[in-house]
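Below, read A as the first sequence line, B as the second, and so on, with proteins coming before strands; counting in each chain starts at 1.
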Amino acid sequence: MKALDKKLWRELWDMRMQALAIAMVIVSGVGIFIMSLSTLDSLYETRETYYRDHHFAHVFASLKRAPLSLVKRIEEIPGVDKVETRVVAYVNLDVEGFDDPVSGHILSLPDNSRGLLNQIYLREGRLPEPGRDNEIVLSEEFVQAHKLQPSDTISATINGRRKALTIVGVALSPEYIYQIAPGAMFPDPLRYGVLWIARQPLATAYDMEGAFNNVTLTLSRGTNEQTINEQDVIDRLDDILKDYGGIGTIARKDQFSNRFLTEELKQQRTIATIFPVIFFGVAAFLLNVVISRLIRLQREEVATLKAFGYSDLAVGMHFIKLVLLIVSLGVIIGIGAGIWMGKGMSNIYMVMYSLPYMIYVLKPQVIIAAALISMAVAVMGTLYAVYSAARLPPAQAMQPELPAKYHTTLAERMGLKRWLSQPTRMILRHVERRPLKSLMTTLGIAMACGIIMVSGFQEGSINYMVEMQYGLSQREDMIAIYTEPTSKRSLYSLQSLQGVEHAEGFRIVPAKLQFEHRFYRAAVNGIQPGGSLMRLLDTDLNIIELPKEGVVLTDYLAEMLHIKTGDMLTIEVLEGQRVTVQVPVVGTAKQYLGMNAYMRIEALNALLKEGYALTGALLSVDDIYQRDIYAELKEMPRVAGVVEHDSSIQSFYDTIAETILFFTFISTLLGSSIAFGVIYNSMRIALSERNRELASLRVLGFERSEVAYILLGEQALFTLIAIPLGFLIGYGLCAYMAFQFDSDLYRVPLVLGMNVYAFSALVVLLSSIVSAIMIWRNLAHLDMVAVLKSKE
Amino acid sequence: MIELQKATDHPLDENVVFHVHGVTKIYQMGEVQVRALRGIDLDLYKGEFTVLLGASGSGKSTLLNILGGLDSPTEGHVIYGDRDLTRASEKELTAYRRYHVGFVFQFYNLIPSLTALENIAVVTEIAQSPMQPEEALRMVDLGDRLHHFPAQLSGGEQQRVAIARAIAKNPDVLLCDEPTGALDSKTGIVVLQALQRVNQELGTTTAVITHNAGIAQMADRVIHLADGRISQVDVNETKLAPSQLSW
């Protein structure tokens, strides 16, 4: 080994704590970069593979009933490849020992087949025997949630008749990666499941022999990419199904499970871009500061080396090597950490989304990019310092640096001077002498504070959404969903059940809402005016009174359609007589979930040219009778399903608790590593820069604590300024993320509780305290003897 | 307030400020033992201006560091007044330096972020009965440069600020480590005049270490050190004024 390289290794060893602190920041940056991007790649890859291998359809349509002979017409639509028809029904389920309302979708399977399209992934067991009406394949999430296994039995109310069903297989489906009950806010595997059964018995039960009520199809290769063709297929299919009670054809991108997954991937992408930028930024700043300090301390050595005849390049390379060593250490550990976190994250998604497997994808270019970005940032950050050291003429470099120039600070000039002790003046003047460095240090700590806030924001937002949606707007305890529109009298039989305090009927019809050239498929909800269970709220949470005529839209829907109060909305009803009408928009309602249109129920029924009909009822019930009421509802043939919010919300919280904990853990780890990296390095550098000054004060009789005040007081000042600044940054980051997450599925409210602020401030303070303790121990070893004899 | 323990077994003549007895200092430098002091016996008297003269490596700095409470001897005792420095804790030594000793360094060691006046205030603020910082600066003829930062002062001026800082707390003893070492002779003489004036007007016991034999003639007593031992002690019957010195 060359002497210069030996020097390198020894110096690296001497500054190991500092090097480690820098490496930690790089570890975080590289780690989160790799975690985010590899999770993203893995999810995309897994989804694509799963969709491809299981023939996930491109177009989906539901209808009332059509004869199988219609298939030929559908197949003739240009661009259509494969067509599969099914019988699908929404049913009430019963699992022994579980009293809450449970519902599910039951789908027909062709004989001896996992399906032509949307093939199921059979995890366990076998397919139902053809023609057997008591054998089902059940979705894995549901099976796991209820701790069921093949050969266990559950029962379902199929078209009004209770039927015992034996589980013969456990499966997953590309169609139900995100399993969520219709109208529910969150996935709840305890209360919603998907069942597959042989076609013939299901068709018999629903009077669908030789018929179907659901059709999916794939597009021939080449047309998939061209949306114009896809839209053409959808339009033609809509046209064909119009006469058979079609309620609208949707493309894969609008398929519910796929939509949610796409939104989730979009969020991942946002995270994958913001965080690494912050981490690399902070790492670059730290490297710059540390290296320029290191080189300033080595002026004489650089000069000596040059006097011996080492070239500028050789001296420059010497320092670049030092930097690259530290960076490499960070990159290598970071890659390991990133893979570990990426796999952890991917597994969480696999479980969360009912994916049969997870293909962990780590693209070499991601690793290369992480390494190159880190190296480039580090080298750029140090190049200037190295350049100025290498270019100094040896004679000049051997001279001691002149005493640093200081000035009285602004605060002192403003007359605060007499209130400030000499040590305090030292702190302020030192801060003001290097404003950029002080600013960057503060900013670095603030960034750490902001990042930690991001983890806490999820929980607050979800709480607020739940409170808004279920505390203030939808206040029912239960929803009974009817099998088909039913007369108003049905409400009286519900009200007469013991324990039902109040019942309000509603009518929901699927419709295409259009304004100018923009349209959106949504449900038009007819609700009881002045009802106490379903209330629409404006931005200030005031209750909106629905007028006799006109429609109120979810605010986000109005924005999307560019429609204002007073404009005329075109409503094309997608069921019954399929009327198209124009209705004035009379207001917008603040809603965080879904997008809907609301009218008075009478007005909606009048539009539909039908009598007063309900598709379901909202119930408020006495807790004591809840179970009994549910049992009775299940026995009612016209009640297809019952939804209960409270238990679903609770179960949702339980499911996401782990995810939130993981996110909090990761971002706290990252935030505190930034905070520690910045604060420790900043203190360490301050200590080495002011070593002489502080040792002199010790000689003059200052206690260790008094000397520490000068050094740590400066950092405390940075930290105290950084925390409120960090709150601002954190707020901005959360706002940006909330904005990025907005979609027609949900809008994320920006709710940051005191606990979020307090937690991030606490983590930053703890990081400072840990750094301070480490520096405090260094202060014990100030060399007072050396200071008497040494030049600056 | 933390004070040094009384060394009752070493009653001192009340004119003796420091009683150094059998002091040995051995440094472990890697695998090599360096004997910096080899049995020093020495008394320094109240109000006395002493020069400790010796070449590099003679042990004079080590002796000064021990007297100043910056280092402790391997063997022997250093009695300050009626207290034993060699038995003092770190905290007690800090208090000793804080209240009793004034230091002047070869390279001034001013705080660059404080003005001349503030460099003195930083010490008077923690002292027991200090003089006014302005007064200290006037004693070293710097009454007009109160608000200058070190970077705006010449080397000689910086050293005079350092002397003002050392005397402002009214110390019992002033320890100066090569105070003219970084200065040219003309400026050095101005600095020495300041030291002499302080010694004469305030009666502060002053010990100056130097390798510069020229300075020796202004001292009451000159203690020669060589190889960690006192080789010779001279008493100057007639002292020279700093202005008469040359080197």
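Heavy atoms closer than 4.5 Å to chain A are found in the side chain of Glu90(B), but not in its backbone. Both the backbone and the side chain of Thr115(B) come within less than 4.5 Å of a heavy atom in chain A. Only the side chain of Glu125(B) comes within contact range of chain A, with heavy atoms under 4.5 Å apart. Within the 4.5 angstrom heavy-atom criterion, no atom of Leu428(A) approaches chain B. For chain B, the nearby part of Glu412(A) is the side chain; its heavy atoms alone come within less than 4.5 Å.
Applying the ring pair (Phe, Tyr, Trp, His ring centres under 6.0 Å) criterion to Phe676(A), with sequence neighbours excluded, gives Tyr680(A). Under the ring pair (Phe, Tyr, Trp, His ring centres under 6.0 Å) criterion, Phe702(A) pairs with no residue, sequence neighbours left out.
Ranking Val101(B), Val123(B), Ile126(B) against chain A, the residue ahead of the rest is Ile126(B), based on heavy-atom pairs under 4.5 Å. For the set Ala182(B), Pro171(B), Ser113(B), the count of heavy-atom pairs under 4.5 angstrom toward chain A peaks at Ser113(B). The candidate from Met426(A), Glu706(A), His430(A) with the greatest count of non-hydrogen atom pairs under 4.5 Å with chain B is Met426(A). Of the listed residues (Asp71(B), Asn119(B), Thr62(B), Thr94(B)), the greatest number of heavy-atom pairs within a distance under 4.5 Å of chain A belongs to Thr94(B). Per-residue counts of heavy-atom pairs under 4.5 Å with chain B were compared for His407(A), Arg433(A), Arg690(A), Arg704(A); the largest is that of His407(A).
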Determine, step by step, whether Leu175(B) and Phe103(B) satisfy the side chain to side chain contact (heavy atoms under 4.5 Å, CB included) criterion, reporting the C-alpha distance in whole Å, the side-chain angles of both residues, the deciding distance to 0.1 Å, and the verdict. CA-CA 5 Å; Leu175(B) 300 175; Phe103(B) 274 102; 4.1 Å; yes

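In this structure, Thr206(B) and Val198(B) have side chains that are not in contact, with every pair of non-hydrogen atoms separated by 4.5 Å or more.
Proximity of a side-chain donor or acceptor of Arg425(A) to a complementary backbone N or O of Leu420(A) within less than 3.5 Å is detected.
Looking at Ser682(A) and Gln715(A), their side chains do bring a donor and an acceptor atom within 3.5 Å of each other.
Considering Thr74(B), Ile26(B), Val23(B) in turn, Val23(B) is the only one that fulfils the side-chain contact (heavy atoms from CB on, under 4.5 Å) rule with Leu37(B).
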